[in-house]
Student: 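Would you mind keeping the following structure in view while I ask a few things?
Computation of the quantities below employed the complete heavy-atom set of this structure, encompassing side-chain atoms and omitting hydrogens, waters and symmetry-equivalent molecules.
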Amino acid sequence: MQTTKFILRAAVATAIAALCAGQALAQVPAGYPAAYQQIVDGAKKEAKLVIYGATDSKAVAPLVKDFNTLYPGITVEYNDMNSTEVYNRFISEAAAGGDTADALWSSAMDLQIKLAAGGYAMAYKSVEAAKIPAWASWKDMAYGTTFEPAVFVYNKRLVTGADIPQTHADFVRIISQPKFQDKVTTYDIEKSGVGFMFMSQDERDFAQFKQLEQAFGTARVRVQSSTGTMLERISSGENLIGYNVIGSYALVRAKTDPSLGVVLPKDYTLVMSRVQFINKSAKHPNAAKLWMDYILSQRGQTVISNASKLYAIRADVTGETTSSELIKQIGEKNIKPLPVSPAVMEYLDPAIRMAFLKEWKATAGKK
């Protein structure tokens, strides 16, 4: 139902914009090569774009609306899932040879790179590729589109003073207290791709990771597969504190929810980037190319920052929800962006993943 409603909204926006534009697609964006007109014309004939994404529909809606202002002849079908569902659905449909997404956009960077490296991604040199950090693209196939921190979230009414963690070591110490038993939450790393990625990265970066797992076990951590559920339960007081929550969602919610406090860890802050690639077998490849270039463009990144609140990755986009502002707040040496490269895939090796999950369930998952 959620997807259907989104298609209808996009279709209405497309129809209105098409009338205003005299049923014609926009011209080639300023600064783009003249040959780009072939992509625009091809997208006009395709008239549709199918995206599988792990970004909330509310955050994507402003992007689709603005994209349709530029390219009113394209109906965007956006399918909102969690990061593991994006991967599993695409793999299943691709294996069956049926219809599937033209573009995949997910916060589970490791799963996205696994698909791209596995031969599912189209090689496409985006016109905007030079404007994002070098670590945010891989072989002209996979592109990082955002700059989002992993944060601690706490209930401001019930957690105060010295119980507000400023570092990962603080978090270990604080949740070991009896008052936090059954009151700590994080992602279910068996079901959430981004949750697994964050936690496995912590094992590499945090010297006290084993103590963190033990503290989760002592607290009888409550796991969830979605950010929204964690934020709701922290806000209500059912849980007191959350770990490795996607910061873009948390910071937006905290602006209107006086119960929520957000901490950018001062020892190190992991930063993930929602990775997007075009399906090599896309039915609407030109429309997918337009979407990729739009998302990476200064205009698209400004919408990502100002309307979607997902933290723009481009340095030439200014404002509160941008990479430049986040770096200014935390300090460049404390920021740990995860690279868009096979380096993030280490823990997807079946033996390594199984061993990691086994240890997690035996220590952090004990009840």
Student: Is there a donor-acceptor pair closer than 3.5 Å between any side-chain N or O of S192 and the backbone N or O of D188?
Tutor: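 It does not hold such a pair.
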
Student: When you check the gap from the basic side-chain N to the acidic O, do D316 and K131 get nearer than 4.0 Å?
Tutor: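 No, this pair does not count.
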
Student: I'd like to know if the side chain of S305 reaches the main chain of Q301, judged simply by a donor and an acceptor atom lying under 3.5 Å from each other, with no hydrogens or angles considered.
Tutor: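 No: the side chain of S305 does not pair with the backbone of Q301.
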
Student: Apply ring pair (Phe, Tyr, Trp, His ring centres under 6.0 Å) to the pair H168 and F152, showing each step before the final yes or no.
Tutor: CA-CA 9 Å; H168 290 79; F152 307 147; 5.3 Å; yes

Student: Less than 4.0 Å between a side-chain N and a carboxylate O, is that true for R314 and E128?
Tutor: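 Salt bridge: yes.
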
Student: Just by modelled atom types, is the A312 backbone N or O under 3.5 Å from a matching donor or acceptor in the T146 side chain?
Tutor: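 Side chain of T146 to backbone of A312, a donor-acceptor pair under 3.5 Å: no, none is there.
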
Student: Say whether, by atom type as modelled, one donor and one acceptor occur between the side chain of D102 and the main chain of H284 under 3.5 angstrom.
Tutor: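 Indeed, once roles are kept as given, a pair shorter than 3.5 Å links the two residues.
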
Student: Do you know which of K358, K361, R353 makes salt bridge (charged side-chain N to carboxylate O under 4.0 Å, His left out) with E190?
Tutor: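 Single pass found, and it is K361.
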
Student: Do I335 and V340 sit in the same hydrophobic cluster, where Ile, Leu, Val, Met, Phe, Trp and Tyr count as joined when their side-chain heavy atoms come under 4.5 Å apart?
Tutor: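 Yes, because I335 and V340 connect within a single hydrophobic cluster, where side-chain heavy atoms sit under 4.5 Å apart.
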
Student: When you measure from the side chain of Q211 to the backbone of V172, do you find a donor-acceptor pair of N or O atoms at a distance under 3.5 Å?
Tutor: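 Between the backbone of V172 and the side chain of Q211 there is no qualifying donor-acceptor contact (under 3.5 Å).
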
Student: Do D257 and S235 meet the criterion of a side-chain donor-acceptor pair at a distance under 3.5 Å?
Tutor: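 On atom types as modelled, these side chains qualify, holding a pair under 3.5 Å.
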
Student: Would you check if the side chain of E320 reaches a backbone N or O of E325 as a donor-acceptor pair within less than 3.5 Å?
Tutor: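 Absent.
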
Student: Closer than 3.5 angstrom, by distance alone: can the side chain of T186 be matched with the main-chain N or O of V223 as a donor-acceptor pair?
Tutor: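 Not a single qualifying donor-acceptor pair exists.
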
Student: Picking from Y87, W360, F356, what satisfies ring pair (Phe, Tyr, Trp, His ring centres under 6.0 Å) with F196?
Tutor: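 The passing option is F356.
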
Student: What closest approach, in Å, do S259 and R157 show between heavy atoms, and which atom pair accounts for it?
Tutor: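 In terms of heavy atoms, the two residues are closest at OG-NE, 3.1 Å.
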
Student: Would the distance check show the side chain of N155 and the main-chain N or O of L240 forming a donor-acceptor pair, the cut-off being under 3.5 Å?
Tutor: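 Not a single qualifying donor-acceptor pair exists.
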
Student: Flag the pair Y294 / V303 as yes when at least one side-chain heavy-atom distance between them is below 4.5 Å, and no otherwise.
Tutor: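 Yes. Closest side-chain heavy atoms under 4.5 Å.
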
Student: With a 3.5 Å cut-off and no angle check, do the side chains of S248 and E148 form a donor-acceptor pair?
Tutor: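 Checked: S248/E148 side chains pair up, N/O donor to acceptor below 3.5 Å.
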
Student: Taking the side chain from N82 and the backbone from T84, do they hold a donor-acceptor pair closer than 3.5 Å?
Tutor: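 At least one qualifying donor-acceptor pair exists.
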
Student: For D170, does its backbone N or O pair with a side-chain atom of T167 as donor and acceptor, under 3.5 Å?
Tutor: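 Flag set: sc T167 to bb D170 pair under 3.5 Å.
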
Student: Going through the distances and angles, do S126 and D293 end up as a side-chain hydrogen bond (donor to acceptor under 3.5 Å, both in side chains)?
Tutor: CA-CA 6 Å; S126 172; D293 293 331; 2.6 Å; yes

Student: Distance check, rounded to the nearest 0.5 Å: M199 atom CE versus E213 atom CD?
Tutor: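 M199 CE to E213 CD: 8.0 Å, rounded to 0.5 Å.
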
Student: Within the 3.5 Å criterion, strictly below it, is a donor on Y36 or Q27 matched to an acceptor on the partner's side chain?
Tutor: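 Y36 vs Q27: no donor-acceptor pair found between side chains.
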
Student: Any side-chain donor-acceptor pair under 3.5 Å between T185 and R233?
Tutor: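 Absent: no donor and acceptor within the cut-off.
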
Student: If you take all heavy atoms of V252 and K309, which pair is closest and at what distance?
Tutor: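 Looking at all heavy atoms of both residues, the shortest contact is CG2-CB, 3.0 Å.
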
